[in-house]
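Input: a single structure, listed below in structure tokens.
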There are 2 protein chains.
Amino acid sequence: MVPMTASDTRTRGTDDVCCVPTAVPGLSAEEAARHVLVFKALSDPNRLRLLSIVKAGNDGEACVCDLTAPLDLGQPTVSHHLRILVDAGLLQREKRGTWAFYSLVPGSLERIAATLSGI
Amino acid sequence: MVPMTASDTRTRGTDDVCCVPTAVPGLSAEEAARHVLVFKALSDPNRLRLLSIVKAGNDGEACVCDLTAPLDLGQPTVSHHLRILVDAGLLQREKRGTWAFYSLVPGSLERIAATLSGI
DNA sequence: CACCTATATTGACATCCATCAATATTGCCG
DNA sequence: CGGCAATATTGATGGATGTCAATATAGGTG
């Protein structure tokens, strides 16, 4: 194998060399672990639908009982998903009387889009 | 409980009613299932780091042997993650000689950002 | 062809996660 | 206070997933 340093800027082709670590390490393990929390929250189809329904709801909010029927899921499961979305910073909860109303955290989706660019 | 139709535009408060399905159903189950594939691919810290290293690599590409060491993972595991990223449409693979070079699919991150807005 | 290197695939295993049933909590109303 | 309605929590369970060891494939070189 031909030796090749990290500062070598040649494009590597078939007859060239490989396995030269780049100078830029990319995302650290800590940054990656932080970013992944949001994507994990988005990694369930029912949670995507929850976000969608909440966003489309009256005044941009919806209560749990609005969300159980369209998803064909039990109430505890919906509460579970909502908790994950709140923990990820995507939804916020406001209790009014017996009901809990969920709404999008302003700017949260835009913040995720920015995270994507920074990857 | 006070009856309330779906076309009622009042804001629901403590002394009001709940459980009125919205006219707009939000994301369908099929759309959600399709969108979730990409977010699942982004839901692993090592895969985020792979994307980051590939993007920062020389000519925006990197081969598998560039990726094994910084992640402290075995080569089969790295290949496994790369496959998931390719299947999700985030990376593309080009084989040159013995080596396989991976690079970002142009516009893929921007497309995900657009997906987020459409949720 | 024989051998080596880089990458991919397979199988096994431990862990995580979505879901539900059952139960607890909270708040309203009589 | 007693009861009811809405939501949250807990425990259990089946299925998905990340990881590795072992093996297979493909391409280059002698």
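Letters A, B, ... are given to chains in the order of the sequence lines, protein chains preceding strands, and every chain is numbered from 1. Just so we're clear, the structure is a prediction, and the values are computed from it rather than from any experiment.
Rounded to whole angstrom, the span from the CH2 atom of B:Trp99 across to the P atom of C:dT5 amounts to 12 Å. Counting to the nearest Å, the P atom of D:dG18 and the CG atom of B:Leu48 are 12 Å from each other. In this structure, CG of A:Leu73 is placed 14 Å from C1' of C:dC17, rounded to the nearest angstrom. One can place CZ of A:Arg47 at 8 Å from P of C:dT19, the figure rounded to the nearest angstrom. Between A:Arg96 atom CZ and C:dT26 atom C1' the separation is 17 Å, expressed in whole Å.
Near DNA chain D, defined here as any heavy-atom distance below 4.0 Å, the residues from residues 76-91 of chain A are A:Pro76, A:Ser79, A:Arg83, listed numerically. Taken residue by residue, residues 34-42 of chain B places heavy atoms nearer than 4.0 Å to DNA chain D at B:Lys40.
With the end axes of the helix from C:dC1-D:dG30 to C:dG30-D:dC1 each set by five pairs, the angle from one to the other reads 10° at 10° resolution.
Residues A:Val64 and A:Trp99 form no side-chain contact, since every pair of their non-hydrogen atoms from C-beta on lies 4.5 Å or further apart. The shortest side-chain heavy-atom distance between B:Leu27 and A:Leu51 does not fall under the 4.5 Å cut-off. Counting heavy atoms from C-beta on, the side chains of B:Glu61 and B:Arg93 never come closer than 4.5 Å.
In terms of heavy atoms, A:Asn46 sits closest to A:Asp44 at N-OD1, 2.9 Å. The shortest heavy-atom contact between B:Ser117 and A:Lys55 is O-NZ, 2.9 Å.
Of the side-chain N and O atoms in A:Arg93, none sit less than 4.0 angstrom from OP1 or OP2 of D:dT7. Dashed line: the shortest gap from a side-chain N or O of A:Tyr102 to OP1 or OP2 of D:dA8 is under 4.0 Å.
Side-chain atoms of B:Asp44 lie closest to D:dG18 of the nucleotides D:dG18, C:dT19, C:dA8. Comparing C:dT5, C:dT26, C:dA8 against the side chain of B:Thr98 picks out C:dT5 as the nearest. Among the nucleotides C:dT19, D:dC20, D:dA8, the one closest to the side chain of A:Val64 is D:dA8.
Side chain of A:Thr77 to main chain of A:Leu73: no donor-acceptor pair is present (N/O by atom type, distance under 3.5 Å, no hydrogens or angles). For A:Ser52 (side chain) and B:Ile119 (main-chain N/O), no donor-acceptor pair under 3.5 Å exists by modelled atom type.
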All N/O donor-acceptor pairs, side-chain side in residues 101-116 of chain B, below 3.5 Å, sequence neighbours left out:
residue, atom, partner, partner atom, Å
B:Ser103, OG, B:Gln92, NE2, 3.2
B:Ser108, OG, B:Val105, O, 2.7
B:Thr115, OG1, B:Arg111, O, 3.0

Which atom pairs, donor and acceptor, lie under 3.5 Å between side-chain atoms of residues 79-89 of chain B and protein residues at least two apart or in another chain?
residue, atom, partner, partner atom, Å
B:Ser79, OG, B:Gln75, NE2, 3.4
B:His81, ND1, B:Arg47, NH1, 3.1
B:Arg83, NH1, B:Asp87, OD2, 2.7

Item to complete: Kindly determine whether B:Val54 and B:Leu91 satisfy side-chain contact (heavy atoms from CB on, under 4.5 Å), including the steps that lead there.
Response: CA-CA 9 Å; B:Val54 165; B:Leu91 289 185; 4.1 Å; yes
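Take the nearest nucleotide of DNA chain C for A:Ser43 and for B:Lys95: the residue whose nucleotide is more 5' is B:Lys95.
The base of D:dA6 does not come close enough to the side chain of A:Gln75 for any donor and acceptor atom to sit less than 3.5 Å apart.
Residues passing the side-chain contact (heavy atoms from CB on, under 4.5 Å) test with B:Pro70, sequence neighbours excluded: B:Ile53.
Within the model, atoms CG of B:Leu48 and OG of B:Ser43 stand 8.0 Å from one another, a figure rounded to the nearest 0.5 Å.
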